[in-house]
Amino acid sequence: MEKKLFDILKERGYVKDLTHEQEIIDLINGEPFVFYLGIDPTADSLHIGHFFALTMFRWLQDFGHKGIILVGGATALIGDPTGKSDMRKMLSLEEVDYNKREVKELVKRFVRTDGDNPAIIVDNADWICDKTYVNFMRDIGVHFNVNNMLSAECYKKRLEQGGLTFLEMGYMLMQAFDFVHLNKEFGCKLQIGGSDQWGNILAGVDLSRKIGFSEGVKIDPLFGFVCPLLLKADGEKMGKTATGTLWVSREKTSSFDFFQAWINSFDEDVERSLAFFTRMEMDEVRKLCQKDIREAKKVLAFEVTKLVHGEEEAINARKVSEELFSNKGISDNMSFINISKDKLGINIIDLLIETNLVTSKSEARRLIEQNGISLNQEKVSSVDKVINLEDLNDNFIVIQKGKKVFLKVIFE
């Protein structure tokens with residue numbers, strides 16, 4: 001018997017919290033309905049957390065449901081305080097406009113925006129930015145209880161730091177209004193997202209009910225469905241690598257670095273990553289992970305890189321990876337960084353920071369003392385090591401961090 005969509009999502013680990021369990025199960029397994037996913041363009045690319053949510057979007061779309069991608073041109077000007085200990089850097093209108101264009105183009109790589117059952121992309125600046133402050137507060141703010149807002153998980157860290165601003169408090173109102181607006185304009189019934197958005201999604205569900213009550217109108221309930229956050233076995237967010245955030249744009253994370261990040265997955269994370277980022281049958285995933293976890297990592301790295309960057313880039317990244325581990329850590333296509341030849345004479349600790357292989361001098365010292373840093377295949381034994389001309393292989397050196405991170409440093 002063919003599996004129903006909700007059962008597929010549950011088996012693959014997408015189900016974290018639902019506002020109305022049975023109603024949402026019936027909705028997802030039933031006739032086509034409208035749903036939405038919001039993405040704030042606070043950067044000019046998407047990271048792996050966005051990509052995870054987009055895979056959930058694509059499952060719903062492939063089963064015939066009608067999806068809306070909301071790019072938050074208005075909410076990005078405020079910044080979501082969820083999980084933040086400090087206030088987000090405020091972006092200018094020009095920065096947000098640029099980021100919006102980049103994000104919209106990247107989204108089109110992962111969801112269908114033409115052909116059969118196309119998704120539509122909307123921008124909440126179109127219905128928020130022309131509202132006056134007084135009108136917005138009278139229409140929307142009147143329905144929010146500050147005590148309830150302050151108890152929400154999304155404000156917890158900012159409250160602990162004692163720095164929650166009135167600007168950030170407005171974020172929840174805006175996202176809640178998005179849901180109400182999309183319901184009114186498109187008949188949208190469900191908002192999906194990561195579990196960090198649970199409080200904001202609940203606010204939208206609640207706002208719709210309160211507006212209906214105040215207007216004496218019966219409004220069908222709105223629903224929220226969140227998937228778990230992508231956390232690695234060590235508790236850190238998935239997508240945080242030795243060289244920074246794992247972006248889906250090749251300009252920010254090379255195809256090789258992207259591939260290598262998945263090769264370097266913890267064993268415990270491979271099965272759920274294959275469940276989220278491939279369409280392999282779960283029985284096949286489990287058998288592969290039990291039989292050969294190293295091969296499972298290779299399959300994961302190839303399939304996710306192919307999905308994000310295309311098959312040609314995935315094949316090349318796999319080739320480079322194989323060359324690095326069979327050819328003394330050198331490949332013509334390996335990750336590299338150019339630095340000035342004037343830097344010759346630089347201390348190894350300063351070089352590790354310069355190349356972003358470590359985030360602090362203390363981390364660099366610890367790695368060297370634990371034999372975790374190699375230079376041209378030789379362990380660096382002293383924190384006082386200085387890079388000189390005789391260390392160069394032609395005009396470069398190869399730094400290895402741990403067993404799996406390689407970087408060519410070209411002095412030019």
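Just so you know, residue 1 is the first one in the sequence shown, and it goes up from there. Given the structure is predicted, the values throughout are model-derived calculations rather than measurements.
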> Does the side chain of I8 reach to within under 4.5 Å of the side chain of M282, using non-hydrogen atoms?
Replying inline: no
> Quick one: do K287 and E271 make a salt bridge, cutoff under 4.0 Å?
Replying inline: no
>> Once salt bridge (charged side-chain N to carboxylate O under 4.0 Å, His left out) is applied, what residue pairs with a partner in residues 43-70 remain, sequence neighbours excluded?
In response: D44-K252, R58-D62, D62-R112, D62-R279
> CD1/I120 to OG1/T113 distance, rounded to the nearest 0.5 angstrom?
Replying inline: 11.5 Å
>> With heavy-atom distances below 4.5 Å as the criterion, would you say the side chains of F144 and L173 are in contact?
In response: yes
>> To the closest 0.5 Å, what do you measure between CG (L352) and NZ (K361)?
In response: 11.5 Å
> Which heavy atom in R272 sits nearest to a heavy atom in L229, and how many Å separate them?
Replying inline: NH2-O, 3.8 Å
> Can you list the residues that meet the salt bridge (charged side-chain N to carboxylate O under 4.0 Å, His left out) rule with E94, with sequence neighbours excluded?
Replying inline: none
> When you look at F63 and I28, which way does the side chain to side chain contact (heavy atoms under 4.5 Å, CB included) test go after all the steps?
Replying inline: CA-CA 9 Å; F63 271 72; I28 287 176; over 6 Å; no
>> Could you work out, with salt bridge (charged side-chain N to carboxylate O under 4.0 Å, His left out) as the rule, every residue matching D139, not counting sequence neighbours?
In response: none
> So do I368 and R365 actually touch side chain to side chain, heavy atoms under 4.5 Å?
Replying inline: no
> For the side chain of K343 and the backbone of F411, is there at least one donor-acceptor N/O pair under 3.5 Å apart?
Replying inline: no
> Is M90 close to L167 at the side-chain level, that is, under 4.5 Å between some pair of heavy atoms?
Replying inline: yes
> Would a distance-only check, ignoring hydrogens and angles, find a side-chain to backbone donor-acceptor pair under 3.5 Å from T19 to G224?
Replying inline: yes
> Can you find a side-chain donor-acceptor pair between E168 and T165 that sits under 3.5 Å?
Replying inline: yes
> In chain order, what residues pass the ring-ring contact (aromatic ring centres under 6.0 Å, His included) check against F225, with sequence neighbours excluded?
Replying inline: none
> F33 and H65: ring pair (Phe, Tyr, Trp, His ring centres under 6.0 Å), yes or no, with the steps?
Replying inline: CA-CA 5 Å; F33 68 93; H65 301 306; 4.3 Å; yes
> Does atom CD of E11 have more than 12 heavy-atom neighbours from other groups under 6.0 Å away?
Replying inline: yes
>> So, using side-chain contact (heavy atoms from CB on, under 4.5 Å) as the criterion, who are the partners of T278 when residues are at least two apart?
In response: R12, L274, M280, E303
>> Could you walk me through whether F6 and Y14 satisfy the ring pair (Phe, Tyr, Trp, His ring centres under 6.0 Å) test, starting with their C-alpha distance in whole Å, then the side-chain angles of each, then the deciding distance to 0.1 Å, before giving a yes or no?
In response: CA-CA 9 Å; F6 188 84; Y14 282 96; over 10 Å; no
> What distance do I399 atom CD1 and K408 atom NZ have between them, rounded to the nearest 0.5 Å?
Replying inline: 13.0 Å
>> Test side chain to side chain contact (heavy atoms under 4.5 Å, CB included) on V248 and H47; report intermediate values, then the result.
In response: CA-CA 6 Å; V248 302; H47 55 65; over 6 Å; no
>> Run W198 and K16 through side chain to side chain contact (heavy atoms under 4.5 Å, CB included) and show every step you take.
In response: CA-CA 10 Å; W198 182 243; K16 176 66 169 64; over 6 Å; no
> Within the side chain of S265, is there an N or O that forms a donor-acceptor pair under 3.5 Å with the backbone of W262?
Replying inline: yes
> Looking at residues at least two apart in the chain, or sitting in another chain, which of them share a salt bridge (charged side-chain N to carboxylate O under 4.0 Å, His left out) with E95?
Replying inline: K89
>> Exactly one of I397, V398, T355, D257 should register a side chain to side chain contact (heavy atoms under 4.5 Å, CB included) with L407. Which one does?
In response: T355
>> Run Q22 and D26 through side-chain hydrogen bond (donor to acceptor under 3.5 Å, both in side chains) and show every step you take.
In response: CA-CA 6 Å; Q22 191 57 52; D26 294 341; 2.9 Å; yes
>> Quick test of your reading: applying salt bridge (charged side-chain N to carboxylate O under 4.0 Å, His left out), list the pairs with at least one residue in residues 374-389, sequence neighbours left out, ordered by first then second residue.
In response: K385-D391
> Considering the options I211, D206, L207, which one meets the side chain to side chain contact (heavy atoms under 4.5 Å, CB included) requirement together with R209?
Replying inline: D206
> Can you list the residues that meet the ring-ring contact (aromatic ring centres under 6.0 Å, His included) rule with F266, with sequence neighbours excluded?
Replying inline: none
> Between K108 and E105, is there a salt bridge with N-O shorter than 4.0 Å?
Replying inline: yes
>> Could you check whether S151 and N148, counting side-chain N and O atoms only, form a donor-acceptor pair closer than 3.5 Å?
In response: no
>> Counting C-beta onward and ignoring hydrogens, is there a side-chain heavy-atom pair between V71 and I121 closer than 4.5 Å?
In response: yes
>> D196 vs V226, test: side chain to side chain contact (heavy atoms under 4.5 Å, CB included). Steps then yes/no.
In response: CA-CA 8 Å; D196 58 339; V226 294; over 6 Å; no
> Which pair of heavy atoms, one from H20 and one from P221, lies closest together, and at what distance?
Replying inline: NE2-CB, 4.4 Å
> Under 30°, 30 to 60°, or over 60°: which ring-plane class applies to F258 and H309, parallel, tilted or perpendicular?
Replying inline: perpendicular
>> Any side-chain to backbone donor/acceptor pair from K401 onto L357? Under 3.5 Å, distance only.
In response: yes
> Which pairs pass side-chain hydrogen bond (donor to acceptor under 3.5 Å, both in side chains) with one or both residues in residues 186-195, sequence neighbours excluded?
Replying inline: Y36-Q191
> To the nearest 0.5 Å, how far apart are CG in L60 and CG in L37?
Replying inline: 10.0 Å
> How about L106 and H50: do any of their side-chain heavy atoms sit closer than 4.5 Å?
Replying inline: no
> Listed by chain and number, what are the ring-ring contact (aromatic ring centres under 6.0 Å, His included) partners of F51, not counting sequence neighbours?
Replying inline: F110, F277
> Among R318, Q260, E313, which residue meets the side chain to side chain donor-acceptor pair (under 3.5 Å) test with S255?
Replying inline: E313
Pairs of donor and acceptor atoms involving the side chains of residues 175-186, under 3.5 Å and at least two apart or interchain, shall be tabulated with distances.
{"residue": "Q175", "atom": "OE1", "partner": "Y171", "partner atom": "OH", "Å": "3.4"}
{"residue": "Q175", "atom": "NE2", "partner": "Q197", "partner atom": "OE1", "Å": "3.4"}
{"residue": "D178", "atom": "OD1", "partner": "W127", "partner atom": "NE1", "Å": "3.0"}
{"residue": "D178", "atom": "OD2", "partner": "N124", "partner atom": "ND2", "Å": "2.9"}
{"residue": "N183", "atom": "ND2", "partner": "C188", "partner atom": "O", "Å": "2.9"}

>> Quick one, D80 and T42 - any side-chain contact, counting heavy atoms below 4.5 Å?
In response: no
> Does a side-chain heavy-atom distance below 4.5 Å link L93 with V96?
Replying inline: no
>> Working to the nearest 0.5 angstrom, can you tell me the gap between I192 CD1 and I201 CD1?
In response: 8.5 Å
> Quick one: salt bridge (charged side-chain N to carboxylate O under 4.0 Å, His left out) pairs with a partner in residues 113-133, sequence neighbours left out?
Replying inline: K100-D123
